[in-house]
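Note that the structure is predicted; figures quoted are calculated from it, not measured. Within every chain, numbering begins at 1; the chains are lettered A, B, ... in the order of the sequence lines, protein sequences first and strands thereafter.
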Amino acid sequence: MIDLVQLRREPDEIKAALARRGVSSATMDEVIVLDVEHRRLLQEAESLRAEIKDLSRQVGEARRDQDTARAESLTARSRALGDEERAAREATDRVAASLRESLLMIPNVPADDVPEGLDENDNVEIDRWWVGKEEGQPFPEYAPHQRVAHWDVGKELGILDLEAGARLAGSMFPLYRGAGARLLRALGAFALDAHLDDYEEIRPPSFALTETMTSTGHLPKSQDDMYAIPRDDLWAIPTAEVPLTSMHRGEILDESRLPIRLTAQTACFRREAGAAGRDTRGLLRVHEFDKVELFAYCTPEQADAAHADILARAEGLLRSLGLTYRLLRLCTGDLGSSSARTIDLEVFSPGVDRWLEVSSVSWFRDYQARRANVRYRRADGTTALVHTVNGSALAWARIWAALVETYRQSDGTVQLPDVLSPYLGGRTRLTPKVS
RNA sequence: GGAGGGAUGACAGAGCGGCCGAAUGUACCGGUCUUGAAAACCGGCGUGGGCUUGCCCACCGUGGGUUCAAAUCCCACUCCCUCCGCCA
């Protein structure tokens, strides 16, 4: 949620920044009006409250002095004020609720370096990498044997059974088998191990309460994109960012502990409402996928370095897997609602001949921390909201697809990169199932 | 799922419905003493919000209720602990 105090102090700056991502100035004016009204009512209610407290204290004194007549007259006055106070408080609460409701729907203020744009077509490519680039080799030419879509490779080798997944849970719930399932397990272990130098490994719950979802900004905005279990007030997490952001909810962290860096692999659940039929073949877009997430709570001063570190780690994994990828700076129109700045990593998958988003590295400023109420204590004793930063490293379903396409050999086998060997028991070559 | 016990500041732990935002201890910060440290002593030490910056308001697991007045009484819920049942 954005900073209301800042909105009061510099309404024009905030309005201008939010206008870049489509929030009308009329919407912001409504918020400002609600805020003014809220404070007016709050003052009214509080001064009534103060009066009642004072009268009540005097009743106590009168009782102690055995002055029954005085006590009763004071009681009568206080009782009369009580009705007024209740009405004032209810009015205050009503306005506070609608103020909060409005604030929850307002996206984060974009950073200055976020490019202008309407949708993903306006994202700006800032870098591109492929094996041998540093040695001066040109962008790779992919051979015909690499131009086979992963769903065909998967079927050929018996490592991906989309029909079985669909039978169990409907379409877009993939089922991996044999070496395909093991490859997925290997990727997770490979990535988690790579981050353990600086990041604590977490295994959080796969479900979270409405309150938790709200603190990351996923609710109320994205409720149609998530799986809900209403009987238990639970939602299936769309990313480990949700539990990690709430891990320290309501806490005041000592500055010396920052940055707190966490990594977690979880299943991620996405309803992908409205996406039916669009780029949904194979593993391009699925309802459930595994992802290793990197996350940091930090001070504002540490945020840039924390963001850069996560980005470097995600890139590092792609490079050691030998996959071609590019970096995109998301434009205002494509930026996630909670984010102030996001860099996407897209891997090139030759079989389907497209760039697939496999990581999104975002800086949230204090937007999530304000909702989740995560603060830190500075050396001078004051408190401030932390900044949160996160990124995927990486989302495995699409990496799986890019790997089997990129490394498909002319004989139809797939020769996986050596870095995965320890996690595959040395079996880096995937061959067609004989049975 | 059943029975019982509990939830108060960083921690421990008091708190007859009325100077209780909360005793006391520990921890922590500052000072005195000391060559220095420890001990002792003195002082400080929760978080938010509002405005007339000096005051006011809120918060004792959460949400309701009773009352002139609630940490304190009532109801519901959540979580933790113990026991029973069930269970990977």
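If you check every strand for non-hydrogen atoms under 4.0 Å, A:Thr383 touches sugar and phosphate atoms only.
Here B:C77 sits opposite B:G61 as a Watson-Crick or G-U wobble pair (both hydrogen-bonding atom distances under 3.5 Å).
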Give every donor-acceptor pair under 3.5 Å between a side-chain atom in residues 339-346 of chain A and any protein atom, sequence neighbours left out.
unit_1: A:Ser339; atom_1: OG; unit_2: A:Arg341; atom_2: N; d: 3.1
unit_1: A:Ser339; atom_1: OG; unit_2: A:Arg341; atom_2: O; d: 3.0
unit_1: A:Ser339; atom_1: OG; unit_2: A:Thr342; atom_2: OG1; d: 2.7
unit_1: A:Arg341; atom_1: NE; unit_2: A:Asp113; atom_2: OD1; d: 3.1
unit_1: A:Arg341; atom_1: NE; unit_2: A:Asp113; atom_2: OD2; d: 3.0
unit_1: A:Arg341; atom_1: NH2; unit_2: A:Asp113; atom_2: OD2; d: 3.0
unit_1: A:Thr342; atom_1: OG1; unit_2: A:Ser362; atom_2: OG; d: 2.8
unit_1: A:Asp344; atom_1: OD1; unit_2: A:Ser360; atom_2: OG; d: 2.6
unit_1: A:Glu346; atom_1: OE1; unit_2: A:Arg326; atom_2: NE; d: 2.9
unit_1: A:Glu346; atom_1: OE1; unit_2: A:Arg326; atom_2: NH2; d: 2.8

Hey, can you pull the donor-acceptor pairs under 3.5 Å for the side chains in residues 365-378 of chain A, sequence neighbours left out?
unit_1: A:Arg365; atom_1: NH1; unit_2: A:Val109; atom_2: O; d: 2.7
unit_1: A:Asp366; atom_1: OD1; unit_2: A:Arg370; atom_2: NH1; d: 3.3
unit_1: A:Asp366; atom_1: OD2; unit_2: A:Arg370; atom_2: NH2; d: 3.0
unit_1: A:Tyr367; atom_1: OH; unit_2: A:Ile106; atom_2: O; d: 2.6
unit_1: A:Tyr367; atom_1: OH; unit_2: A:Arg371; atom_2: NH2; d: 3.4
unit_1: A:Gln368; atom_1: OE1; unit_2: A:Thr388; atom_2: OG1; d: 2.7
unit_1: A:Gln368; atom_1: NE2; unit_2: A:Thr216; atom_2: O; d: 3.3
unit_1: A:Gln368; atom_1: NE2; unit_2: A:Glu241; atom_2: OE2; d: 2.7
unit_1: A:Arg370; atom_1: NH1; unit_2: A:Met1; atom_2: O; d: 2.7
unit_1: A:Arg371; atom_1: NH1; unit_2: A:Thr214; atom_2: O; d: 3.0
unit_1: A:Arg371; atom_1: NH1; unit_2: A:Leu219; atom_2: O; d: 3.3
unit_1: A:Arg371; atom_1: NH2; unit_2: A:Leu104; atom_2: O; d: 2.7
unit_1: A:Asn373; atom_1: OD1; unit_2: A:Arg375; atom_2: NE; d: 3.2
unit_1: A:Arg377; atom_1: NH1; unit_2: A:Gly381; atom_2: O; d: 3.3
unit_1: A:Arg378; atom_1: NH1; unit_2: A:Thr382; atom_2: OG1; d: 2.8

Exercise answer: donor-acceptor pairs, residues 7-14 of chain A side-chain atoms, under 3.5 Å, sequence neighbours excluded:
unit_1: A:Arg8; atom_1: NE; unit_2: A:Asp35; atom_2: OD2; d: 2.7
unit_1: A:Arg8; atom_1: NH2; unit_2: A:Asp35; atom_2: OD1; d: 3.1
unit_1: A:Glu10; atom_1: OE2; unit_2: A:Gln6; atom_2: NE2; d: 3.2

Show me the side-chain donor-acceptor pairs of residues 159-168 of chain A shorter than 3.5 Å, one per line, residues at least two apart or across chains.
unit_1: A:Asp161; atom_1: OD1; unit_2: A:Glu163; atom_2: N; d: 3.4
unit_1: A:Asp161; atom_1: OD1; unit_2: A:Ala164; atom_2: N; d: 3.0
unit_1: A:Asp161; atom_1: OD2; unit_2: A:Arg177; atom_2: NH1; d: 3.2

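Listed by residue number, A:Ile252 are the residues of residues 243-253 of chain A with a heavy-atom contact under 4.0 Å to RNA chain B.
Between A:Arg89 atom CZ and B:G63 atom C1' there is a gap of 13 Å when expressed in whole angstrom units. Regarding A:Glu51, its CD atom lies at a distance of 15 Å from the C1' atom of B:C55, rounded to whole Å. Between A:Asp65 atom CG and B:G18 atom C1' there is a gap of 12 Å when expressed in whole angstrom units.
Evaluation of the side-chain hydrogen bond (donor to acceptor under 3.5 Å, both in side chains) rule for A:Asp29 yields A:Lys15 as partners, not counting sequence neighbours. Taking the salt bridge (Lys or Arg N to Asp or Glu O under 4.0 Å) definition, one finds that A:Glu156 meets it with A:Arg408, sequence neighbours left out. Remark: A:Pro259 engages A:Arg261, A:Cys298, A:Gln302 in a side-chain contact (heavy atoms from CB on, under 4.5 Å) (not counting sequence neighbours).
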Using a cut-off of under 3.5 Å, enumerate the N/O to N/O pairs linking the protein to nucleotides 76-81 of chain B.
none

Can you tabulate the close N/O pairs, meaning under 3.5 Å, that link protein atoms to atoms of nucleotides 49-52 of chain B?
unit_1: B:G49; atom_1: N2; unit_2: A:Glu46; atom_2: OE1; d: 3.3
unit_1: B:G50; atom_1: OP1; unit_2: A:Arg8; atom_2: NH1; d: 2.8
unit_1: B:G50; atom_1: OP1; unit_2: A:Arg8; atom_2: NH2; d: 3.1
unit_1: B:C51; atom_1: OP1; unit_2: A:Arg39; atom_2: NH1; d: 2.5

Find every protein N or O atom lying less than 3.5 Å from an N or O atom of nucleotides 67-69 of chain B, and list the pairs.
unit_1: B:C68; atom_1: OP1; unit_2: A:Arg79; atom_2: NE; d: 3.2
unit_1: B:C68; atom_1: OP1; unit_2: A:Arg79; atom_2: NH2; d: 2.7
unit_1: B:C68; atom_1: O2'; unit_2: A:Ser56; atom_2: OG; d: 3.1
unit_1: B:C68; atom_1: O2'; unit_2: A:Ser78; atom_2: OG; d: 2.3
unit_1: B:C68; atom_1: N4; unit_2: A:Arg63; atom_2: NH1; d: 3.4
unit_1: B:A69; atom_1: O4'; unit_2: A:Ser56; atom_2: OG; d: 2.9

Would you tabulate the nitrogen or oxygen pairs shorter than 3.5 Å linking the protein to nucleotides 8-12 of chain B?
none

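Salt bridge present: A:Glu37 and A:Arg40 bring a charged side-chain N and a carboxylate O closer than 4.0 Å. A salt bridge is defined here as a Lys NZ or Arg NE, NH1 or NH2 lying under 4.0 Å from an Asp or Glu carboxylate O, and A:Asp83 with A:Arg86 fails to meet this definition. Residues A:Glu90 and A:Arg94 are not paired through a salt bridge, judged by the lack of any N-O separation under 4.0 Å between the basic side chain and the carboxylate.
Interatomic distance, OG of A:Ser349 versus CD1 of A:Ile399, reported as 9.0 Å (0.5 Å rounding).
Comparing B:C57 with B:G4, their C1' atoms are spaced 40 Å from each other, to the whole Å. Taking the C1' atoms as reference points, B:G48 lies 15 Å from B:G9, given to the whole Å.
One N or O on the side chain of A:Asn108 and one on the backbone of A:Phe364 form a donor-acceptor pair closer than 3.5 Å. Looking at A:Arg313, its side chain never comes within 3.5 Å of a backbone N or O of A:Leu294 through a donor-acceptor pair. Although no hydrogens or angles enter the test, the distance criterion places a donor-acceptor pair under 3.5 Å between the side chain of A:Asp122 and the main chain of A:Leu118.
A:Glu211 CD: 12 or fewer foreign heavy atoms inside a 6.0 Å radius. Within a 6.0 Å radius of CG in A:Asp65, other residues, nucleotides and ligands contribute more than 12 heavy atoms.
With the nearest nucleotide of RNA chain B identified for both A:Lys53 and A:Ala384, A:Ala384 has the one nearer the 5' end.
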